[in-house]
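Numbers restart at 1 for each chain; the letters A, B, ... are given by sequence-line order, proteins then strands.
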Amino acid sequence: MKIISWNVNGFKSIIEKGFLEEIIAQDPDILCLQEVKSTEIPEIENYISYNYPASQLVNFYGTAVYTKVEPLSVRKGFGDKEFDAEGRVIRMEFENFYLYNVYCPSGASSPERLDRKYRFYDEFTKYVYKSNKPSIICGDFNRISAEIDAKNPKNIKGKSGFLPEEQEWFKEILTKYVDAFRKFHPEGDNFSWWPNRKGFREENKGYRFDYFLVSNTFDNTLTDSYILKDQMGSDHAPIVLELNSCPVCGTVNNNDNEFCYQCGIKIIETEEEEEDVREDKLEIPKDKIILLDLNYTLIANSKEIRTMPLDKKIKSQKYEADLINLIKDNYVILITASPYRRSHKILRDLKEKTGFEPDESFWNFGRQPPALKKYWMENEVIPQHGDDGDKYLAIESNPATRRMYKKLGIEAKPKGDFI
DNA sequence: TCGGCTGACCG
DNA sequence: ATCTTTGCGC
DNA sequence: CGGTCAGTCCAGCGCAAAGAT
């Protein structure tokens, strides 16, 4: 999954200048924006959007999020009257992490603003430390984490953003979180913000104010992080985080997992696998109980709709009509690695589009496909229908799962053998 | 918003 | 109705 | 005289609302 964070310094001008298309061309799964400065934001194809403008000074501050993955919940603000009026924090909940999009105040204009900045950090830190899931925090922090994040560390001593106390905050939080960019790029001269003055950006006289902070427990899920320093349109450059999390349900997985353990979708795309198709089509005996796979088997276009947001994905789902024709008179048990919470919507959609409904169905509760289906076989199907393997026929896309069926004495074949 | 520039102010 | 200016914050 | 240090310093961008034509 790819997450991009960008302080756009006025979303309207980004859109007018055509830079929104450029950032969407990067194809992020989630796009976090800061300094949106607008109560209205456009819809983007394939994304769900959340805008959180300031309530009074609507022409300042404001954060927004575009996401392909539908969050379990979204919270705007964190219970502080003053800061919530400025639309500074959006928290999105996913299966096993929170994503915080944050725009921290600047304290440069006066000592009062600096005090306020410190208070924001105190309150915000308290808020994220209360998380009952691991977190990814991204956004504009308006301070450097260490001297390496500045071009001219000595020139700016004593100014807001560069004070030793501000770097203390980073030292503390970096005991619990990983600075994702720094993990992959230990060298200096990498900046995400340049003063809005002539020559500064060209000469790379900048600072690193934008960060992805990732809970230590997710350290081994990170695959890359970098700065899109050539992306124009704002005084900030977008920053990118890539991690091995499911683009469908948002669950963070270990780097070596081929399938998401939550929803069973394939998250590591191996090179174009040739689908198993045989010329001499096999018959399906009417007396067999069919153990039917959903993704990549009953659903004909799983691959194309892989990364769509959930609602759109279900709407776009197409089912194998030929396959349904062959098995509609059999007793059919749907066994799928899709999560249970989606079962009602999918079954209703299937019936509306094809008139077909399976006799039974079993869904995912957090396991990878072969282990999950083995569990359902041993605990539900076999106790109900018996352990005679000849009574069953599995139509299954996943080779590992087919091997599992064979161990149970059950014939398992890909749909290409029949249609 | 940074950082170069101007003066005032020291010892 | 369509500009330009103003105020505010970075 | 050489060094430090503050300065409603200045410059430049974006937004919305107010003002002007």
Worksheet entry | Among dG3(B), dG7(C), dC10(C), the nucleotide that comes nearest once only the side chain of Asn59(A) is considered | dG7(C)

Discussion item. Any carboxylate oxygen within less than 4.0 angstrom of a Lys/Arg side-chain nitrogen, looking at Asp27(A) and Lys2(A)?
Written reply: no

Worksheet item: Do you know the tightest heavy-atom contact between Lys117(A) and Gly161(A)?
Response: NZ-N, 3.5 Å

Discussion item. Under 4.0 Å, counting only non-hydrogen atoms across every strand here, what does Trp193(A) touch: a base, just sugar-phosphate, or nothing?
Written reply: sugar-phosphate

Fill in: Euclidean distance, atom CG of residue Asn142(A) to atom C1' of dT1(B) [Å, nearest integer]
10 Å

Worksheet, complete the sentence: Checking dG12(D), dG14(D), dA16(D) against the side chain of Val58(A) (C-beta onward), the nearest is dA16(D)

Worksheet item: Base, sugar-phosphate, or nothing: which does Phe162(A) touch, judged by heavy atoms less than 4.0 Å apart?
Response: sugar-phosphate

Worksheet item: What integer number of Å spans the C1' atoms of dT1(B) and dC8(C)?
Response: 14 Å

Practice prompt. Would you kindly give the OH-to-C1' distance between Tyr61(A) and dG9(C), to the nearest whole Å?
Written response: 6 Å

Discussion item. Distance check needed: dA11(D) C1' versus Lys205(A) NZ, whole Å only.
Written reply: 14 Å

Worksheet item: Starting at NZ of Lys37(A) and ending at P of dA16(D), how long is that distance when rounded to a whole Å?
Response: 10 Å

Fill in: Candidates dG14(D), dC13(D), dC15(D) - which lies nearest the side chain of Asn196(A)
dC13(D)

Practice prompt. Report the distance from atom CD of Glu40(A) to atom C1' of dA16(D), rounded to the nearest whole Å.
Written response: 13 Å

Practice prompt. Please measure how far the P atom in dC10(D) lies from the corresponding atom in dG14(D), and state the result in whole Å.
Written response: 23 Å

Worksheet entry | Closest heavy-atom pair and its distance - Glu70(A), Asp311(A) | OE2-OD2, 4.1 Å

Practice prompt. Show the numbers, then the answer: is there a side chain to side chain donor-acceptor pair (under 3.5 Å) between Thr63(A) and Asn101(A)?
Written response: CA-CA 7 Å; Thr63(A) 45; Asn101(A) 177 24; 4.6 Å; no

Discussion item. Rounding to an integer number of Å, can you tell me how far Trp194(A) CH2 sits from dC13(D) P?
Written reply: 17 Å

Discussion item. Whole angstroms only, please: what is the CZ-P distance between Arg116(A) and dG9(C)?
Written reply: 10 Å

Fill in: Distance-only donor-acceptor test, Lys12(A) side-chain atoms vs dG14(D) base atoms, 3.5 Å
no

Practice prompt. Could you tell me the separation between the CZ atom of Arg88(A) and the P atom of dG9(C), rounded to a whole number of Å?
Written response: 11 Å

Worksheet entry | Closest contact, heavy atoms only, Tyr319(A) versus Ile346(A) | OH-O, 3.9 Å

